[in-house]
Amino acid sequence: MFNDIGPKGGELIAKALHKDTTLKYLRMTGNKIENKGGMFFAAMLQINSTLEKLDLGDCDLGMQSVIAFATVLTQNQTIKGITLNRPILYGEQDESTVHLGHMLKENHWLAELHMSKHDVKNCGLKHLCDALYLNRSLRYLDVSCNKITHDGMVFLAAVLKSNTTLEVIDLSFNRLENAGAKNLSETLTSHNRSLKALSVVSCSIEGEGLVALSQSMKTNPILSNIYIWGNKFDEATCMAYAGLIQMGRLKPDNTDVEPFVVDGHVYLAEVSNGLKKHYYWTPTYGNALCHSSNAGFSLVPVGQQL
């Protein structure tokens, strides 16, 4: 990670992997291999049958290489997890998301897909959701830091009524608001019984939506992890999540808030738990691979963690 490896270095590593039969997990994060280097990695996935997990986040991939990965993954049966965070894309048509949606319709082996900072809008999320009606392998979907609003939650809530594979969804840093949270809570209350973890950190949700999500946990026995920090807490929100924790329904390690009382009023403080808090850095003390900090990878263990 972050070793100033450029397109030529990416080409050398990708070509070396044509013959490699032992490496399972490669993190190229932060090395600017760009579109040219990305194309060599896509070509490599047509040949290599050992690699199970590949992280090409923040590598300045271009539209061409993202589409190439989507095309190759319709055939590659070995890759179980791929990270394509923050490509350099131009245009407003969600083109790369459309191609990744087509890939999910054909691919029945991929368990983990990270598309953070991918400029996904509601239309793009719809393409992904359309694919998830057919896909029966994806367990971890990361669409954090995109341009998804409450309108997109209509599509996600609908597919979650029938999809029984997704276990972890990261929606952090989108603009879901109360309407989006309530759409999700309705599905989680009455239909879905497979989702285990949901992150809605910093999604512009107010008390009404946060309370609705807390209520869904009372009737949904499977949803065990929920992350809500960065939204607009009111007293009802604080009381609701404090109640879940006190009754034992929500374990302290499975959320990023902790209740405390001042002058008879309940408040929520942030704690360092999340789906992948310690993915790009390690803490100065404590266990870097703590399950509560990297809950997404604990719930969906794909490949070997470094």
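One-based numbering along the sequence shown.
Checked by atom type, the side-chain pair His118/Thr97 shows no donor-acceptor distance below 3.5 Å. With no hydrogens or angles considered, no side-chain donor-acceptor pair links Asn85 and Thr83 at under 3.5 Å. Side-chain atoms of Asp119 and Tyr90 include no donor-acceptor pair closer than 3.5 Å. Side-chain atoms of Asn35 and Ser65 form a donor-acceptor pair, as typed in the model, at a separation below 3.5 Å. In summary, the side chains of Ser116 and Ser144 do present a donor paired with an acceptor at a separation below 3.5 Å, with no hydrogens or angles considered. Side-chain polar atoms of Thr149 and Asn174 form no donor-acceptor pair below 3.5 angstrom. In the model, Ser199 has a side-chain atom that pairs as donor or acceptor with a side-chain atom of Ser172 under 3.5 Å.
Note on Asp130 versus Lys105: no salt bridge recorded, every NZ/NE/NH1/NH2 to OD/OE distance being 4.0 Å or above. With salt bridges taken as basic N to acidic carboxylate O contacts below 4.0 Å, one links Lys53 and Glu112. In this structure, Glu95 does not pair ionically with Lys121, as no charged nitrogen and carboxylate oxygen lie closer than 4.0 Å. Using a 4.0 Å cut-off between charged side-chain N and carboxylate O, Asp94 and Lys126 make no salt bridge. Taking a cutoff of 4.0 Å between a charged side-chain nitrogen and a carboxylate oxygen, Lys15 and Glu11 qualify as a salt bridge. The residues Glu167 and Lys196 are annotated as salt-bridged, a charged nitrogen and a carboxylate oxygen being separated by less than 4.0 angstrom.
For the residue pair Ile33 and Met28, the shortest heavy atom distance occurs at CG2-CE, 3.8 Å.
Linking ILVMFWY side-chain heavy atoms closer than 4.5 Å, directly or via other members, places Phe173 and Val168 in a single hydrophobic cluster.
Atom NZ of Lys32 is surrounded by more than 12 heavy atoms from other residues, nucleotides or ligands within 6.0 Å. For Lys276, the NZ atom is densely surrounded, since the number of other residues' heavy atoms within 6.0 Å is greater than 12. Within 6.0 Å of the CZ atom in Arg249, the count of heavy atoms belonging to other residues, nucleotides or ligands exceeds 12.
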Exercise. Yes or no on side chain to side chain contact (heavy atoms under 4.5 Å, CB included) for Asn273 and Lys277, after CA distance, side-chain angles and deciding distance?
Worked result: CA-CA 7 Å; Asn273 296 333; Lys277 276 276 187 179; 5.9 Å; no

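Relative to the six-membered ring of Phe2, Arg27 misses at least one condition, a distance below 6.0 Å or an angle of at most 45° to the axis.
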